[in-house]
Amino acid sequence: MRKAKLIYNPNSGEKSIVNSLDFIISIYQKNNITLIPYRIDKNECIDKAFLDIDDTYEHLIIAGGDGTIDIIINAMKNLNINLPVGILPVGTANDFAHSLGLEFDIKKAVDNIINSNPRNFDIGKINDKYFINVASAGMFTDVSQKINPDFKNYMGKVAYYIAGIEETLHLRAFNIKVKSDEVEYKGNMYLMLVFNGKTAGNLNLAYKAKLDDGYLDVIIFKDMPIPKSIPVFINVLKGEHLDNLNEDDILYFKTKEIYIECEDGLTTDIDGEKGPDFPLDIKCIEGGLEILGVK
């Protein structure tokens, strides 16, 4: 009998995955695949989810948002588990799933996972941690960490926008040093984003990004006078392409690796979870993850 593992976060998004478990298992049974579910508990080490993993498993399904996917992928890499991964995007923002063009209907998503061949996609690595979508520092970057989980589940994406607007009212610049083969920058900035994916909070910022090109997309919002910065951030929230903005205000470039220093006690964020401290060595791991269900 074929076998697969489902690791799910019961608290992701609107907690819809809990009501879909029997349905998902039934689809797998109809395809002669035994599905072994594992419920994530925030009070337990995620490594427990992998205690039974052996060569009898064909693939792994992750049901959750970007933060859940990030945590599980980090555990897999640390445990040297290289199974193909299917994703059921049941979180709040689901930026990585959007970038991959995954199906959001549960039945269609499961069917796609079962009936597809794995494709290799890049992942990022920041110091000793991995990330799937974006590593960031500066304004807005710890918004997800600050939002009450129940409020986020109730309000959905609106919770991010409310928190973002509040953050805009207290602009603060940070001094950084950035070095890559393509760009060197030393100066003040409000926000820095290093994308493996394309979106953050469903804002299509890294619209030039490709998830299988071996490059990360870097966006740096430089320090600028407040009367100028407010319209810039509003235009970004409206989805205006960064190509239309002044290079004196924003840097946007691709790189395989970037080194960043900051002495301002700046918090970092990776996929909605707290990231490592500076200095940061961020690199693209080309083809670092096999993903199922991508058309």
Side-chain angles (χ1 to χ4, degrees), residues 5 7-9 12 38 40 42 44-50 53 57 59-89 91 93-100 102 118-137 141-142 144-145 180 192-200 206 209-219 254-260 266-294:
K5 183 93 174 190
I7 302 178
Y8 70 97
N9 183 348
S12 285
Y38 185 90
I40 290 177
K42 64 181 180 181
E44 288 187 351
C45 177
I46 189 64
D47 290 2
K48 286 187 176 181
F50 301 96
I53 293 294
Y57 281 92
H59 64 263
L60 172 76
I61 302 179
I62 303 172
D66 294 316
T68 299
I69 300 169
D70 177 281
I71 290 169
I72 294 173
I73 296 303
N74 269 279
M76 289 179 65
K77 291 297 180 182
N78 291 334
L79 294 169
N80 199 30
I81 294 171
N82 296 309
L83 285 173
V85 170
I87 294 171
L88 299 181
N94 303 301
D95 284 304
F96 189 55
H98 280 293
S99 296
L100 289 168
L102 295 181
R119 288 178 53 188
N120 287 88
F121 289 93
D122 305 335
I123 55 174
K125 188 172 185 181
I126 174 169
N127 292 358
D128 60 348
K129 290 190 175 183
Y130 296 88
F131 64 96
I132 51 156
N133 188 59
V134 62
S136 57
T141 57
D142 59 352
S144 180
Q145 300 172 36
S180 73
M192 177 197 66
L193 303 142
V194 182
F195 280 96
N196 179 56
K198 294 185 176 183
T199 66
K210 295 181 179 179
L211 280 71
D212 56 359
D213 63 353
Y215 284 88
L216 301 170
D217 285 52
V218 181
I219 303 173
K254 290 177 175 286
T255 188
K256 289 182 177 291
E257 184 170 6
I258 184 170
Y259 185 79
I260 306 161
L266 189 55
T267 299
T268 69
D269 182 280
I270 51 175
D271 298 325
E273 305 292 328
K274 188 178 184 305
D277 295 330
F278 286 88
L280 306 175
D281 181 18
I282 309 177
K283 62 186 69 176
C284 181
I285 309 300
E286 186 171 359
L289 186 64
E290 286 188 304
I291 301 180
L292 293 161
V294 182

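Positions are given from 1, in the same order as the sequence printed here.
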Looking only at heavy atoms, which two atoms of Gly197 and Ala209 are closest? And how far apart? O-CB, 3.4 Å
Taking Gly272's backbone N and O only, do any of them form a donor-acceptor pair with Asp269's side chain (distance below 3.5 Å, no angle check)? yes
Minimal heavy-atom distance between Phe131 and Lys125, with the atoms involved, is CE2-N, 3.6 Å
Hey, mind stepping through Asp281 and Glu257 against side chain to side chain contact (heavy atoms under 4.5 Å, CB included) and telling me if it holds? CA-CA 7 Å; Asp281 181 18; Glu257 184 170 6; 2.7 Å; yes
Candidate pair Asn78 and Asn74, rule side-chain hydrogen bond (donor to acceptor under 3.5 Å, both in side chains), full reasoning: CA-CA 6 Å; Asn78 291 334; Asn74 269 279; 4.9 Å; no
How many angstroms lie between CD1 in Ile81 and CG in Asp47, if you round to the nearest 0.5 Å? 8.0 Å
Which atoms form the tightest heavy-atom contact between Cys284 and Tyr215, and what is the distance? SG-N, 3.7 Å
Kindly compute the distance separating NZ (Lys274) from NZ (Lys129), expressed to the nearest 0.5 Å. 7.5 Å
Could you tell me whether the side chain of Val218 reaches within less than 4.5 Å of the side chain of Ile258, counting heavy atoms only? yes
Between Lys254 and Asp213, does at least one N-O distance fall below 4.0 Å, as a salt bridge requires? yes
Minimum heavy-atom separation for Asp217 and Ala206, please, with both atom names. CB-CB, 4.1 Å
When you compare the side chain of Ile72 with that of Ile46, does any pair of heavy atoms fall below 4.5 Å? yes
Flag side-chain contact, heavy atom, 4.5 Å: Asn133 against Ser99: yes
Measuring only between side-chain heavy atoms, which start at C-beta, is Thr268 closer than 4.5 Å to Leu280? yes
Heavy-atom distance under 4.5 Å between the side chains of Pro276 and Ile126, does that happen here? yes
What one should report as the nearest heavy-atom pair of Gly275 and Ile270 is CA-CG1, 4.0 Å
Heavy atoms of other groups near Lys283 NZ, more than 12 under 6.0 Å: no
Would you mind reporting whether Leu216 and Lys256 have side-chain heavy atoms less than 4.5 Å apart? no
What's the separation between atom CD1 in Ile291 and atom CZ in Arg119, rounded to the nearest 0.5 Å? 9.0 Å
Taking the side chain as C-beta and beyond, is there a heavy-atom pair between Tyr8 and Ile40 under 4.5 Å? no
Quick check for you: to the nearest 0.5 Å, what is the distance between Phe96 atom CZ and Ile73 atom CD1? 7.5 Å
Hey, does the side chain of Asn196 reach the backbone of Asp122 with a donor-acceptor pair shorter than 3.5 angstrom? yes
Do Val194 and Val134 pass the side chain to side chain contact (heavy atoms under 4.5 Å, CB included) test, and can you show the C-alpha distance, the side-chain angles, and the key distance before you say yes or no? CA-CA 6 Å; Val194 182; Val134 62; 5.7 Å; no
NE2 on His59 to CG on Leu83, rounded to 0.5 Å: 9.5 Å
Can you tell me how far apart CG (Asp271) and CD1 (Ile132) are? Round to the nearest 0.5 Å. 4.5 Å
Search all heavy atoms of Met76 against all heavy atoms of Leu60 and return the closest pair with its distance. SD-CD2, 3.3 Å
Using atom types as modelled and distance alone, determine if a side-chain donor or acceptor of Asp66 lies under 3.5 Å from a backbone N or O of Asp95. yes
Is there side-chain contact between Asn127 and Ile282, with at least one heavy-atom pair below 4.5 Å? no
Which one of Ile62, Asn94, Ile61, Leu102 satisfies the side chain to side chain contact (heavy atoms under 4.5 Å, CB included) criterion with Leu88? Ile61
